[in-house]
> 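Before we start, here is the structure in question, set down as structure tokens.
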Protein chains: 2
Amino acid sequence: MKTTGEILREKREKKGLLLRHVSAQLDIDIAILSKIERGERKATRDQINKLAEILDINKETLVIQYLSEKILYELKDEDLGIQALKVAEKTIKYGATKNK
Amino acid sequence: MKTTGEILREKREKKGLLLRHVSAQLDIDIAILSKIERGERKATRDQINKLAEILDINKETLVIQYLSEKILYELKDEDLGIQALKVAEKTIKYGATKNK
DNA sequence: ATTACCTTGACAATAATTGTCAAATGTAAA
DNA sequence: TTTACATTTGACAATTATTGTCAAGGTAAT
């Protein structure tokens, strides 16, 4: 599966846009976008929304990939990651509404 | 399934320990432990380790619950949470080693 | 060599998390 | 009821993590 960064870079290039074009729209420095595309930094949730629009990427696909990377980042040093994911999945399926 | 906070409080009370006994061992203020037990704050990863020891709780169980809550917290406002979890799961099962 | 684009790394700004403290609340015994 | 103790609450301070800027350095085409 393609990483968020790969998706972004591919689409940007396919559209013939330069880092400066896109980063201007995001209102951030070129450097950050470069890092995001190469996976050296994570985008913010907001930037993901904007990028989907700017680059005309299917939002669901992009968000799912982005979120899954965020999760994996949380678990990167954990042995029990898979088990935790499964528990989380069950909880989200059932319980859904449990906050006071 | 019991929350991390519930596990901690139940075990502490079963052992007849007071907040101040346990928080002293964690080297934090009573207030934080109180909040952790009631789910108002998250414990740090370190505190979870120490708490498992202090309260004699099965570490795996506690850590899995703790991590799954952390994940769910990340996804709390997301519609695509479940999908993201599934992608994350697949990635962790396969890819495992993909960092440069 | 000059220009255009991208990358890299040191560091600053900002935001989120974790903590302290003191006052409020609850609770039970005297 | 008042005292004593445990816990809760909320305002705020300290710390840590994230996000950003900037300037210097690469690369390739001209």
Side-chain angles (χ1 to χ4, degrees), chain A residues 3-52 54-55 62-63 65-78 99-100, chain B residues 3-52 54-55 62-63 65-78 99-100:
Chain A
T3 66
T4 304
E6 284 165 355
I7 296 170
L8 295 173
R9 175 146 294 186
E10 281 178 20
K11 208 65 197 297
R12 175 174 66 80
E13 290 179 342
K14 197 166 290 173
K15 296 208 136 203
L17 296 170
L18 298 178
L19 285 179
R20 83 182 129 84
H21 296 135
V22 178
S23 64
Q25 294 210 59
L26 293 176
D27 193 31
I28 55 172
D29 196 274
I30 285 170
I32 298 180
L33 185 54
S34 166
K35 285 168 186 169
I36 290 171
E37 288 184 348
R38 285 171 301 104
E40 196 186 310
R41 291 259 183 121
K42 290 175 294 182
T44 66
R45 189 60 179 72
D46 225 70
Q47 288 163 350
I48 289 295
N49 284 334
K50 286 180 185 154
L51 284 164
I54 296 168
L55 298 177
L62 188 62
V63 170
Q65 182 56 35
Y66 169 74
L67 290 176
S68 88
E69 280 168 24
K70 244 180 122 181
I71 294 165
L72 289 169
Y73 179 77
E74 291 276 331
L75 300 179
K76 68 179 179 321
D77 301 323
E78 298 289 349
N99 301 4
K100 51 175 170 186
Chain B
T3 66
T4 304
E6 285 165 355
I7 296 171
L8 295 174
R9 174 145 297 185
E10 282 178 19
K11 210 62 197 298
R12 176 174 64 79
E13 290 180 341
K14 199 166 289 174
K15 294 208 139 203
L17 297 170
L18 298 177
L19 286 178
R20 85 182 129 82
H21 296 135
V22 178
S23 65
Q25 293 210 61
L26 292 176
D27 194 30
I28 55 171
D29 195 273
I30 285 171
I32 299 180
L33 185 54
S34 167
K35 285 167 186 168
I36 290 171
E37 287 185 349
R38 285 170 303 104
E40 196 186 309
R41 290 262 182 117
K42 290 177 295 181
T44 65
R45 191 58 180 77
D46 224 70
Q47 287 163 350
I48 289 295
N49 285 334
K50 286 180 185 155
L51 283 164
I54 295 168
L55 297 176
L62 188 63
V63 169
Q65 182 56 35
Y66 168 74
L67 291 176
S68 89
E69 281 167 24
K70 244 180 123 181
I71 294 165
L72 290 170
Y73 179 77
E74 291 276 332
L75 300 178
K76 68 178 179 318
D77 301 322
E78 297 289 349
N99 301 4
K100 53 175 168 184

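The model shown is predicted, which means the values in this text are computed figures rather than measured ones. Order of the sequence lines sets the chain letters (A, B, ...), proteins ahead of strands, with each chain counted from 1.
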> Rounded to the nearest Å, what distance is computed from the CG atom of residue A/Leu33 to the P atom of nucleotide D/dT21?
12 Å
> Could you go through nucleotides 7-14 of chain C and list every protein N or O atom that sits under 3.5 Å from one of its N or O atoms, giving the distance for each pair?
from  : atom 1 : to      : atom 2 : distance (Å)
C/dT7 : OP1    : A/Arg9  : NH1    : 2.7
C/dT7 : OP2    : A/Arg9  : NH2    : 2.7
C/dT7 : OP2    : A/Ser34 : OG     : 2.6
C/dT8 : OP2    : A/Arg38 : NH1    : 2.4
C/dG9 : N7     : A/Lys35 : NZ     : 3.2
C/dG9 : O6     : A/Lys35 : NZ     : 3.2

> Find the distance between CD1 (A/Ile32) and CD (A/Glu40) and round it off to the nearest 0.5 Å.
11.0 Å
> To the nearest 0.5 Å, how far apart are OG1 in B/Thr44 and OH in B/Tyr66?
6.0 Å
> Let me know the distance between CZ of B/Arg20 and P of D/dC5, rounded to the nearest Å.
9 Å
> Any Lys/Arg nitrogen of A/Glu69 or A/Lys42 sitting under 4.0 Å from an Asp/Glu carboxylate oxygen of the other?
no
> Between C1' on D/dA17 and CZ on B/Arg45, what's the gap in Å once rounded to a whole number?
18 Å
> How far does NE2 of B/His21 sit from CG of B/Leu33, to the nearest 0.5 angstrom?
12.0 Å
> In whole angstrom, give the distance that lies between atom CG of B/Asp77 and atom P of C/dA16.
13 Å
> OP1 or OP2 of D/dT18 less than 4.0 angstrom from a side-chain nitrogen or oxygen of A/Gln47, does that happen here?
no
> To the nearest Å, how far apart are B/Ile36 CD1 and C/dG19 C1'?
11 Å
> Calculate the interatomic distance between A/Lys42 atom NZ and C/dA15 atom P; express it in whole Å.
16 Å
> Expressed in angstrom and rounded to an integer, what is the separation of A/Asp27 atom CG from D/dG20 atom P?
9 Å
> Please give, in whole Å, the distance from C/dT18 C1' to B/Tyr73 OH?
12 Å
> So how far is it from B/Glu13 CD to B/Glu10 CD, rounded to the nearest 0.5 Å?
8.0 Å
> What is the distance from atom OG of A/Ser23 to atom CG of A/Asp29, rounded to the nearest 0.5 Å?
7.0 Å
